[in-house]
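The structure appears right after this line, and notes come after that.
Lettering of chains follows the sequences in order, A, B, ..., and the numbering in each one begins at 1.
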Amino acid sequence: MHTNDKSGIIDSMSDDVSQSESTEADVVGEPGLALARSQAKLAEMAGQHGDSPQSGRRVVFGLEDVSVSYSGMVAIRDVAFDIHENLATAFIGPSGCGKTTLLRSMNRMNDLIQGAEVAGRITYHGQDLFGAGVDAVEVRRRIGMVFQRPNPFPKSIYDNVAFGLRIHGMKDNLSDRVEQALRHAALWDEVKDRLKHSALSLSGGQQQRLCIARALAIEPDVILMDEPASALDPVATLAIEDLVGVLKNDYTIVIVTHNMQQAARVADMTAFFSVDADEKTGNRSGVLVESGPTSDLFIRPSDPRTEAYVTGRFG
Amino acid sequence: MLVLALVMVLLVWNVVDQARPSISEFGVGFLTGTEWNAVTDKFGALDLICGTLATSLIALLIAVPIAIAIALFLTELAPAVLRTPVGMLVELLAAIPSVVLGLWGIVVMGPFLNDHVEPWMISHLGFIPFLDGYPSPVGLLPACLILTIMIVPIVASISRELLSSVPSDLKAGAMALGATRWEMVRRVALPQVGAGLVAGTMLGFARAVGEAIAVTQVIGGSLVRPQNLYAPADTMAGRLAAQYSGAATALQKASLAYLAVILLVISLITNLIANLIVRRMRRRLGTP
């Protein structure tokens, strides 16, 4: 009974994906492989319910009634949930639901946008991220970020990875640290013979892994990923997803994606956001619909909106 | 395109043609001659060349850091409401006719320098050669500062264009690695536009070298070599503008045209060097 249910969901999910969600992973290349993986992952997770992935893990981020607005326009409001250590947590939801905005508040990248304001509380290991005396620069050193489009600097591969190390004075064993970071990002074997070449000579997928290596080099605690594979081909996408699976052993990962299969493949925990019109003003803003173990969200969603989204009825 | 090239060639040929009597009389020695005497009909350009290079380079030295600082302020630090008005103000500065700027130099800046700045410099910096001497309302220093005021808006607006063209995802990439804004500017934004900044600086230099009116108004038009930064001096462009219509002899006229030839050569060399630097920097960075 339960199994039937699940396969039904997944079938309709993949239908939706191949039609509307234009993520390259599912349209070109090897849709079979990607699909098989997400199905296998969900099946695996469905088998282990009762033992939630977050149980016994420390809370890294605590979000308490977080709202983010730009010049008074609320982008996302009243978000409350926890993000746990050494897990991959996915933010999913339709465009405009504020998931990227929320992510950018978690390493205070939003500070750089004029008019951006965070209300409520975001704690990081119990400490208020926006509290007095918290240095945004230090926050960003501890909480790394990978962007939607690969954005390597127009420097050599080596200098890209060494960039953060140099500005933070981590110059002892520079070459070792660079190698280590490239190995962690599963890029070392591909670039070890051309470290002095321009980073722009790499393929898109390699550039994105270089950006991950660049973030890993300065030994962060958390990696925030903003749709890291949305500009990549299917093979490169799977490489990034595999990497997430490995990296979460050492880091806490938060990944924004609008590709639900990707969330199913890589995330232990998922938060689903939607767009809601405010009853009083009619302004539309993002809200958290539900969050929890990925398998729960996909297989036993507690909110009808989540079910509608994961089964492909909207979004 | 062809018409432009033709006009250029004709112009250069015409200037060289006018300078011919002086070229055949003094030859290359004109460049090292220090006398400028209409009575004995002896002309040499060394002091004028030095005057031009000194005023332009000093002006550049002061103007470029100020201009880049303004550009950085406008692109990185200024709140959005300030960006447009301040940017327009800077560009407006470039629109002031140089003769008006020169007039202000005579009436306001010269006396101010003479009364306040130069005495202070002499008593505090007088131990440095060339900075000791007597204050003067006209001279090298006011000329340098007038040129500075003229170059700043040019270099600032070019730098601003360049800096605002730096992709925002590169800046975000640096900031996300825990770079401060200054580290981001120094290690990502400035290297990214370095070649353009050099080109902009060269443009400012060419402007300073060629400026005649405002310089003539404040530099004092001296026929004697200046002994210090405050003393009256002259530049090639200044001498050309001041004396051409009143030239006493045909050879003086030809010598002034010879100055024009030198100015043309200097701007040509400046342009070539700028091109070379830009090309080399681009190749090194691999950026367009």
Inset, instruction - Select one option (side chain, backbone, both, neither) describing which atoms of A:Arg108 are under 4.5 Å from chain B's heavy atoms. - result: neither

Inset, instruction - To the nearest 0.5 angstrom, please state how far the CD atom of B:Glu183 sits from the CZ atom of A:Arg166. - result: 13.0 Å

Inset, instruction - Quick one: do A:Leu112 and B:Arg181 satisfy side chain to side chain contact (heavy atoms under 4.5 Å, CB included)? Show the steps, please. - result: CA-CA 10 Å; A:Leu112 306 175; B:Arg181 211 175 266 275; 3.5 Å; yes

Inset, instruction - Might you confirm whether atom NZ of A:Lys196 has over 12 heavy atoms from other residues, nucleotides or ligands at distances under 6.0 Å? - result: yes

Legend entry - Heavy-atom side-chain contact between A:Arg140 and B:Leu177 under 4.5 Å: no

Legend entry - Part of A:Ile167 within contact of chain B (heavy atom distance under 4.5 Å): both

Inset, instruction - Kindly indicate whether the side chain of B:Asp169, heavy atoms from C-beta on, has any atom under 4.5 Å from the side chain of A:Phe147. - result: no

Inset, instruction - Could you tell me whether A:Glu179 atom CD has more than 12 heavy atoms of other residues or ligands within 6.0 Å of it? - result: yes

Legend entry - Close side-chain approach of B:Val188 and A:Pro154, heavy atoms under 4.5 Å: no

Legend entry - Heavy atoms of other groups near A:Arg194 CZ, more than 12 under 6.0 Å: yes

Inset, instruction - Using a cut-off of 6.0 Å, state whether more than 12 heavy atoms not belonging to A:Glu138 lie near its atom CD. - result: yes

Inset, instruction - Examine whether an atom of A:Phe153 lies under 4.5 Å from a heavy atom of chain B, and if so say whether it belongs to the side chain, the backbone or both; otherwise answer neither. - result: both

Legend entry - A:His168 side-chain N/O to B:Ala179 backbone N/O, donor-acceptor pair under 3.5 Å: no

Legend entry - Considering all heavy atoms, the nearest A:Met145-B:Ala176 contact: CB-CB, 3.9 Å

Inset, instruction - Let me know if A:Pro152 has heavy atoms under 4.5 Å from chain B in its side chain, its backbone, both or neither. - result: backbone

Legend entry - Closest contact, heavy atoms only, B:Arg187 versus A:Lys155: O-NZ, 2.9 Å

